[in-house]
Amino acid sequence: MSDPQHDPILDQAWVLSPSVALRPEPFGALAYHFGNRKLTFLKRRELVVLVETLGEHPDVRSALVAAGVPEVEYGAYCSALHSLAGTDMVRPRTREVAA
Amino acid sequence: MTAVQERPVGGSLVDQFELGLDAPICLTWELTYACNLECAHCLSSSGRRDPRELSTEQCEAVIDELQRMQVFYVNIGGGEPTIRPDFWHLLEYAVDHQVGVKFSTNGVRITPERARFLASTDYVDVQISLDGATAEVNDYVRGPGSYDTALTALRNLQEAGFEDAKISVVCTRENIGQLDEFKALADRFGATLRLTRLRPSGRGADVWDELHPLPGQQKVLYDWLIAHGEDVLTGDSFFHLAAFGEKLPGLNLCGAGRVVCLIDPVGDVYACPFAIHENFLAGNVLSDGGFQRVWQASELFTELRSPQTGGACAKCSFYDACRGGCMAAKFFTGLPLDGPDPECVRGLGESALAGERTVPPASRDHSKAAPTRNQPVMLTLLSRPPVSACAESPLADYAPGAPEQKGCCA
């Protein structure tokens, strides 16, 4: 974790929580969790694309590549995912789901 | 969205919110102007049902539209929303359409049966209004018996296993001294305390001078809010106090027409719940092509989302913190909208209030024509008779020019 460009999350499979709805907004999106009723704002369109498509990719790194995020910004996007995980907006994909 | 072309990428959320959202994040919907109470400070001057009130089908259509717009929850109020015969139906209809509900009530219909029903539903929050931690303070503004009604409702909710009800308090000169008692009351019922600001809106305009917190009380309130942080909800209503020092939790921004609005019982859309006045009317959900159209395209909301100048406040070093305060509080006290808030903590509001101003006449009033037994009587009893019972002189207590003197037997 000391090197943000090599956050272990990059090699993990993640997904947008099934209880979350994304509402498009001019600046990005508003994420609402129907379970815990938390509201979060995604302030960059790339982040919106990333969380929407996490589940389609084998790991976070390939989702970042597909979303067109430059490699130097991976650290910032990883910490955004960590903070979104704090309210269950995104979560690691379990093996059962992947199977 | 009209403002897309100039919207910057990134930046703070407040900067983005000032330019407006595609749908509100805090939508209040007053379902009826009918009310069993006649609170002295009612924001919506409620009492009588408006004959043009939206029908059940029309309300369902509004909910369908909110679902399409992804408005994830709505704050339902009134009047007293639970006295609409279709209230419980509309509540279920909203929840079934992915629109969560938080409703405000004085508690009159929260029976043990309804409390059990509420405890069994997801996405429903209940907010009981209480404006005094004691019956004496509460009933003074909300009317006789209203304290007992509210506490019975809270007890019913607790006994039914409903978790985390809200107790919603309008902060006044009479109850600022009771903040700890309110918190204890909330803790007793497993509830969360919510404190909001007294606005000079609706009938609130008639009692604001008498009830709004005094400058010293504002500081007490601010310190109390800072000490209790996120444990106490405020509906972001005290951002004008931010100039005391550090910002309070929440959005420090007037959200009117940007992230907030109000739908009234006849479908009129106003910029915020504290601005039920023709000057802040953006349109109507029936006659102007639906709520989405009013929210996204009305002239008034477009204007509210355009860059604002700070006016007389722009030079103030606290402008970034309070942003000139509450638009409705200024409007209903007759102050210019680009000047200081009437309760500006630097005292600029007081000097503005002392100057020449014209308080706008109310443009919407659903108060009951004839007072009922529920009407609060805003008089306090004297602790002793004005003149001694044994004073025989017909001119007793009449002493022109002399300082007031009361009683002799005490």
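Note that the structure is predicted; figures quoted are calculated from it, not measured. Sequence lines set the chain letters: A, B, ... in the order given, protein chains first and strands last, and positions in each chain run from 1.
- In summary, the aromatic rings of Phe17(B) and Phe41(A) are positioned with their centroids under 6.0 Å apart.
- Around atom CD of Glu163(B), no more than 12 heavy atoms belonging to other residues, nucleotides or ligands sit under 6.0 Å away.
- Side-chain contact between Tyr73(B) and Leu39(A) is present, with at least one heavy-atom pair separated by less than 4.5 Å.
- For the atom pair CD (Gln70(B)) and CG (Leu30(A)), the distance works out to 8.5 Å, reported to the nearest 0.5 Å.
- Surrounding CD of Glu299(B) are at most 12 heavy atoms belonging to other residues, nucleotides or ligands under 6.0 Å away.
- A donor-acceptor contact shorter than 3.5 Å links the side chain of Glu25(A) to the backbone of Asp22(B).
- Residue pairs that meet the salt bridge (Lys or Arg N to Asp or Glu O under 4.0 Å) test with at least one member in residues 30-42 of chain A, sequence neighbours left out, are Arg37(A)-Asp125(B).
- Between the Arg23(A) side chain and the Phe72(B) main chain, no donor and acceptor come within less than 3.5 Å of each other.
- The closest side-chain heavy-atom distance from Phe34(A) to Asp122(B) is not below 4.5 Å.
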